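Take a look at the structure set out below.
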Amino acid sequence: MDVFILLLEGIFVSFQPLNLGLLIFGCLIGLFVGAMPGLGSVNGVAILIPITFIIPPTAAIIFLAAVYYGAMYGGAISSVMLGIPGASTAVATVFDGRPLAVKGEAMTALTAAAVGSFVGGTVSVILFTLFAPPLAEVALRFNAPETFALMVMAFATFVGLGGDDVPKTIFSILIGLALSTIGLDLITGKPRLIFFNIPGFLHGINFLVLAIGIYGIGEMLWTLEETKGKVQMSKLSVNMKEVGRAFGALKKTIMAMNIGSFLGFFVGILPAAGATPASLMSYGITKQLSKNSKEFGSGVPAGVVAPECANNSASTGSMLPMLTLGIPGSPTTAILLGGMILWGLTPGPLLFTQEPEFVWGLIGSLYIANFFTLVLNIALIPAFLMVLRIPFAILAPVIFVLCVTGGYAPTQSLHDVWLMLLFGFAGYILRKLDYPVAPAVLSIVLGPLAEKALRQSLILSDGSMGIFFDMSEKPIAAIIMYIAIVLLIMPAFGPLYRKFFKKAQTT
Amino acid sequence: MSIIKKLALVIVSLSLVAVSSVSSAKPFSPKKPVELIIPAGQGGGADEIARLVQGVIEKNDYASKPVIPINKAGGSGGEAMTYVKKKAGDEHTLIITLNNVLTTPVNQPELGIDFFNDFTPLARLITDTFLVWIATEGKNTAGVETFDDFIDLARGNGLVMGGTGSMSEDELLLGMMRGQFGFDAKYVPYSGGGAVAKGLVGGESDFTLNNPSEQMGFYQSGDSKALVMMTPERNPAFPEVPSSYELGYPDLEYYMMRAFMAPAGIDAEVEKYYTGLLHTVYHDNEFQTFNIDDGKLMSWLEGFGLKDFLAIEYAKHGEIIKNFN
Amino acid sequence: MSITNKITVKRAEIAVAVILALCSIALMIKSAENRITWNAEENMGAGFLPFYLSLGMFICTVLTIIKFVLKRSPQSKDDSPFIDAEAFKYIAVTIISLVILVLAIGYLGIYFSLIFFLAFYLRYFSSKSVLFISVFSLITPVLTFLFFEWLLKIPLPQGISEPLFYPVYDFMYS
């Protein structure tokens with residue numbers, strides 16, 4: 001009952017004129033920032049923080065959370081419309097969203113994404129409200145071995161994402177991981193793989209550089225070759241019948257919604273994970289558990305709902321450790337955390353008791369932001385369709401401009417723009433030869449997290465891998481690790497099982 | 001052709017405007033936003049101060065152009081220092097320091113950074129101290145009430161220390177303590193002070209050597225406690241924590257400096273402007289209150305005093321690194 | 001014409017596989033600048049993971065080459081051109097203009113480089129009027145400036161054109 005009263009007060013706070021105005025403004029900015037290739041919630045929130053000095057902390061956090069939230073919705077728009085993820089959190093949305101758009105069912109994809117996001121966000125914020133204190137305890141117990149086990153589980157779910165050519169898929173995963181080791185080694189403090197002593201390699205390779213290179217530059221080159229610059233991008237039509245059909249298609253995605261919402265929330269509250277791995281895992285698991293998993297990748301609504309549901313759910317979940325422990329659950333919440341310190345708040349367990357207006361105002365605003373973003377998102381679909389009707393010869397240079405500025409902005413280094421071009425060209429050629437490129441992007445994101453967790457664990461265990469399988473000492477790590485192993489083996493046995501079962505049925 | 005002609009016209013007219021505004025002689029003030037380079041990641045101690053300085057300047061209009069913090073965390077500050085070195089003579093770049101500016105030139109000689117000639121020190125605003133932290137309910141440190149209890153325990157057992165990264169301040173400090181107290185500990189690096197604090201409370205490490213602000217949340221909630229503060233005097237933010245001098249360990253003294261530097265080769269006029277700006281920020285009420293509440297020491301230093309201080313600290317860190325290896 | 005016909009998918013496949021194998025070896029050698037062994041004291045060295053990851057990459061490329069030699073991959077049997085002549089022209093022009101763009105950003109600054117890039121690219125690929133192209137090429141950098149420098153406060157590189165922006169900043173922050 002207590003929670004319910006606090007929540008009502010929080011919703012009341014977020015209905016104050018300034019807060020509500022900033023919330024809607026934040027959702028709008030978030031939608032556009034998310035939709036722009038190269039700019040995701042991280043960039044959007046980081047660059048808007050200086051603006052928040054002129055407003056009170058509660059209004060500031062509501063505004064930035066709305067940007068964060070809107071970007072999760074917005075990311076899907078460019079994934080579907082252009083085939084370029086607007087942010088890393090929407091990478092998995094491309095897998096089925098793009099094929100749907102190519103088939104002329106962009107409306108279905110966009111509706112699925114918007115509704116999926118809404119469901120994920122709403123389920124997650126309800127879970128957030130109800131289970132905040134006990135879940136904070138669980139997250140607190142996650143240390144290096146548990147994190148590494150979680151990473152292995154994430155990689156296990158990627159196995160199903162590659163193409164048919166196994167060596168090329170594994171190559172892609174490995175090159176992503178190898179690229180992620182560039183820079184300073186955290187454990188020994190030694191610089192690694194600093195090619196030709198160029199100082200730009202010291203900060204490692206930001207995953208955005210690879211992601212924009214491959215999904216921005218590479219994708220444009222690919223499209224340019226397909227269309228020879230003459231054809232417009234996919235033609236689409238909006239009418240009520242389409243929307244109705246889209247909603248009809250959603251009936252089949254209830255399983256995806258369940259997986260996305262709950263998995264997303266859980267992955268989100270874990271430190272170091274966040275919305276990107278959540279969306280990828282959700283996609284992978286939904287695909288593996290689905291009856292028609294073979295159709296995934298060719299454009300099924302469930303393949304859009306699963307990652308979209310999970311990224312919204314995870315972005316809400318990732319604010320939980322931020323608020324309760326002062327530990328960011330994702331890169332974006334890391335920046336929000338920095339903002340809170342600047343506003344004069346001490347993030348940590350005391351925030352719930354000392355600053356209830358701030359905490360519950362934020363939680364209340366999430367309920368409302370969900371609703372507004374859904375409405376704005378669907379209402380703005382015609383605006384985004386206009387973007388698509390622009391001839392490719394004009395759209396392409398604009399996207400190149402966005403890629404170059406987006407590649408520069410996060411690290412403010414021209415070195416990264418050169419790398420981005422290189423990855424774009426290389427990615428284009430490799431993709432033409434059936435090397436899957438998505439696993440490389442996934443592993444460059446998770447590589448550093450996995451390596452850090454692995455090596456911290458090995459220091460703690462004096463070099464023994466047993467630390468990950470010790471049921472009595474580290475039960476959570478061990479359980480996750482066993483699940484990961486089952487997930488790894490499942491794709492190998494799945495087809496065998498189905499073959500056997502089918503045979504048994506037909507004979 | 002006509003496009004190029006139009007462009008040429010625009011460029012010529014713009015450059016005329018620019019030349020006329022540059023040539024007028026006035027005391028220096030920034031002509032464009034000032035880049036404030038942070039040689040560490042977002043959310044750490046240096047980042048916190050840099051963004052506080054940015055906010056205070058912006059809120060009170062202390063400068064005609066905004067200050068824009070830019071994180072260049074690569075290579076333990078190596079990337080940031082290389083960047084500022086290349087900007088010699090640039091009047092719109094500043095760098096905030098952590099102690100890694102003292103250690104990285106020594107640890108990574110291949111970067112070719114000359115600490116004394118590649119930068120123009122402006123002012124030191126704050127010194128941050130270090131404390132020895134344990135978890136209130138730490139399973140390996142149960143029964144430890146004082147720093148002496150802790151040393152006794154640490155001598156006999158291989159405790160685990162959480163730290164912010166190899167060859168960073170706290171590992172050097174651990175090296176110092178090894179020599180002084182004759183105990184060894186397993187050093188587990190994390191990726192920032194916040195993660196270190198959480199690892200401690202989560203029971204993954206037994207103790208940490210953290211800055212006050214990084215552990216503040218867990219300190220206030222009672223989840224972790226401090227045994228000693230490595231300063232001559234107690235700090236009002238932690239009234240019950242004894243200083244190392246009180247406990248009879250005056251050698252256990254260590255500070256993290258929060259100073260600002262500009263690239264080498266800037267005019268005295270420019271140097272004077274930025275030092276003055278930092279001085280205004282230093283005396284700002286909000287800046288003072290925030291830092292004192294956070295347990296930091298306000299310690300303004302400029303000019304020759306600062307240069308001497310840096311020379312001493314650089315030599316001291318060189319010594320620590322030598323002993324460490 | 002003839003060059004693009006000679007580069008078949010088959011030839012591209014083996015050439016890329018060999019290049020990637022060489023890159024993997026280079027990465028292994030570079031990793032070995034740090035310790036790549038596992039010892040009881042400190043378990044894996046700084047070079048351990050990069051070394052074995054690049055070894056894995058090398059093994060994958062060797063498998064790709066073996067599949068090619070045994071004609072087990074679809075690419076190994078494909079004699080069609082890797083890219084057709086017309087598309088090649090578009091791709092080549094795009095890549096070269098992007099490289100020139102980034103080179104120019106370092107020298108001329110991003111805003112003026114963008115004007116030239118957009119004017120060239122639109123003139124080459126689209127059939128829009130000179131007026132449209134001029135307006136578009138000028139407005140895009142202006143919007144980029146407003147978005148990054150004014151709204152987001154991220155300074156973009158200005159190269160030698162930097163003094164031209166001082167009056168703009170004076171105006172923005174006065």
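By convention in this document, chain letters (A, B, ...) are assigned in the order of the sequence lines, proteins followed by strands, and residues within each chain are numbered from 1. The structure displayed is predicted, hence computed values, not measured ones.
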Main chain of C:Thr64, side chain of A:Lys168: is a donor-acceptor contact present, judged purely on distance under 3.5 Å?
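The answer is no, because no donor-acceptor pair under 3.5 Å joins these two groups.
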
Between [X] and chain C, which part of the residue has a heavy atom less than 4.5 Å away: side chain, backbone, both or neither?
X: A:Phe171; answer: both
X: A:Ile175; answer: both
X: A:Arg192; answer: both
X: A:Leu430; answer: side chain

Measure distances from [X] to the heavy atoms of chain A and classify the residue's part below 4.5 Å as side chain, backbone, both or neither.
X: C:Phe51; result: neither
X: C:Tyr124; result: neither
X: C:Phe120; result: neither

How far apart are the C-alpha atoms of A:Tyr435 and C:Val16, what are their side-chain angles, what is the distance that settles it, and do they pass the side chain to side chain contact (heavy atoms under 4.5 Å, CB included) test?
CA-CA 11 Å; A:Tyr435 285 82; C:Val16 166; 4.3 Å; yes

Applying side chain to side chain contact (heavy atoms under 4.5 Å, CB included), run through A:Val417 and C:Ile105 and close with a yes or a no.
CA-CA 10 Å; A:Val417 181; C:Ile105 289 174; 5.6 Å; no

Would you name the heavy atoms of A:Tyr408 and C:Pro155 that are closest together and state the gap between them?
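Looking at all heavy atoms of both residues, the closest pair is CE2-O, 3.6 Å.
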
Got a sec: does the CZ of C:Phe132 have more than 12 other heavy atoms crowding it under 6.0 Å?
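Yes, the 6.0 Å shell around CZ holds more than 12 heavy atoms from other groups.
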
